[in-house]
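Both ligands and their constituent atoms are indexed starting at 1 by order of listing.
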Amino acid sequence: MSTTLSIIKPDATARNLTGSINARLEQAGLRIIAQKRLQLTRAQAEKFYEVHKEKAFYDSLCEYMSSAPIVVQILSGENAVAKNRDIMGATNPANAEIGTIRRDFGQSIEHNAIHGSDSSENAELEIRFFFSKLEIIE
Ligand code: CMP
């Protein structure tokens, strides 16, 4: 069993899709072991996406991610990082496979409904960014 960090993004929470997305995650065998709804400050979004600092889309991404509430969650399961990336689909919804969350719910490469950690090392860092040990009940 391993864990990964997932974020239901502002475009998805705004369209009331949290439950639909959670159902996809659960149906695929992932367990939501921690979850909360919050709104990032611009500074927090900049810190979270620091790895993309040099990218052309960084400013716009941070503005967008701090523009409205998000739902952050810890997903647990076998090969959770890879499994969640399969369920999410490609970053750009236009390139994502049919039946994936981003294909079915994403609107654009930025408004792509959901974020998932890309490695177990980053999963650990991202989980620690949002959750304290007290909030995680395995
Ligand atoms: P996410 O998994 O949250 O990680 C970084 C985000 O940057 C990515 O999803 C996209 O929503 C966003 N993004 C915006 N523009 C681009 C781009 N041109 N290439 C990759 N990611 C982008």
Side-chain angles (χ1 to χ4, degrees):
M1 286 294 182
S2 59
T3 52
T4 191
L5 190 278
S6 164
I7 304 177
I8 301 178
K9 294 189 178 187
D11 61 277
T13 60
R15 286 176 288 146
N16 212 17
L17 291 171
T18 300
S20 303
I21 290 175
N22 282 351
R24 297 282 186 103
L25 299 171
E26 291 181 344
Q27 276 156 16
L30 290 170
R31 183 174 293 271
I32 301 162
I33 62 164
Q35 174 171 263
K36 57 190 173 187
R37 183 174 184 269
L38 55 91
Q39 183 160 359
L40 289 172
T41 64
R42 171 73 192 229
Q44 288 169 332
E46 286 175 4
K47 183 81 188 141
F48 183 78
Y49 279 115
E50 206 166 25
V51 54
H52 295 301
K53 206 172 184 164
E54 307 305 326
K55 308 266 174 62
F57 57 80
Y58 179 68
D59 257 5
S60 170
L61 174 64
C62 295
E63 188 62 32
Y64 162 64
M65 288 299 290
S66 56
S67 67
I70 58 175
V71 173
V72 295
Q73 44 193 196
I74 304 175
L75 309 178
S76 164
E78 235 173 87
N79 298 316
V81 170
K83 180 173 262 187
N84 187 39
R85 292 182 73 77
D86 279 351
I87 304 162
M88 288 192 304
T91 306
N92 188 343
N95 301 330
E97 300 228 4
I98 291 168
T100 60
I101 291 171
R102 283 169 169 163
R103 174 65 174 256
D104 293 346
F105 300 125
Q107 299 176 304
S108 68
I109 194 164
E110 185 173 80
H111 296 198
N112 63 351
I114 189 166
H115 163 85
S117 309
D118 63 3
S119 66
S120 37
E121 294 73 30
N122 282 339
E124 216 171 291
L125 293 172
E126 293 181 357
I127 286 169
R128 210 174 313 144
F129 185 92
F130 283 109
F131 291 95
S132 76
K133 282 211 170 88
L134 278 174
E135 293 175 302
I136 305 169
I137 298 134
E138 302 262 2

TODO: Could you give me the CA-CA distance, side-chain angles and deciding distance for Thr41 and Ser66, then say whether side-chain contact (heavy atoms from CB on, under 4.5 Å) is met?
DONE: CA-CA 5 Å; Thr41 64; Ser66 56; 5.9 Å; no
Open item on the list: Check whether Arg15 reaches the backbone of Phe105 with its side chain - one donor and one acceptor, N or O, closer than 3.5 Å.
Closed with: yes
- [ ] Without swapping roles, check the side chain of Lys83 against the backbone of Leu30 for a donor-acceptor pair under 3.5 Å.
- [x] no
Open item on the list: Surrounding CD of Glu124 (heavy atoms of other residues, nucleotides or ligands, distance under 6.0 Å), is the total greater than 12?
Closed with: no
Task: Within 6.0 Å of NZ in Lys47, more than 12 heavy atoms from elsewhere - done: no
- [ ] State if Lys9 counts as touching ligand 1 under the rule of any non-hydrogen atom under 4.0 Å.
- [x] yes
Task: Part of Lys55 with heavy atoms under 4.0 Å of ligand 1, whether side chain, backbone, both or neither - done: neither
Task: CA sep, side-chain torsions, deciding dist, call: Asn122, Phe129, side-chain contact (heavy atoms from CB on, under 4.5 Å) - done: CA-CA 10 Å; Asn122 282 339; Phe129 185 92; over 6 Å; no
Task: Close-contact set for ligand 1 against Glu110 heavy atoms, below 4.0 Å - done: 11 (O)
- [ ] Select the closest option to atom 12 (C) of ligand 1 among Val51, Asn92, Leu61, judged by heavy-atom distance.
- [x] Leu61
Open item on the list: Using a 4.0 Å heavy-atom cut-off, which part of Ile109 comes near ligand 1: side chain, backbone, both, or neither?
Closed with: both
Task: Interfacing atoms of ligand 1 (cut-off 4.0 Å, heavy-atom, Asn112) - done: 9 (O), 10 (C), 11 (O)
Open item on the list: Checking contacts here: is it the side chain or the backbone of Met65 that comes within 4.0 Å of ligand 1, counting heavy atoms only? Could be both or neither.
Closed with: neither
Task: Element-labelled atoms of ligand 1 that are located less than 4.0 Å from some non-hydrogen atom of Arg102 - done: 2 (O)
Task: Side-chain touch Leu61/Lys55, heavy atoms, less than 4.5 angstrom - done: no
Task: Nearest-neighbour protein heavy atom for atom 21 (N) of ligand 1, which is reported as residue plus atom name and distance - done: Phe57 CZ, 3.6 Å
Task: For atom 4 (O) of ligand 1, closest protein heavy-atom neighbour - done: Tyr49 CE2, 3.7 Å
Task: Neighbour count >12 (heavy atoms, 6.0 Å) for atom CD, Gln39 - done: yes
Open item on the list: Taking 4.0 Å as the limit for heavy-atom contacts, which would you say applies to Thr91 with ligand 1: side chain only, backbone only, both, or neither?
Closed with: side chain
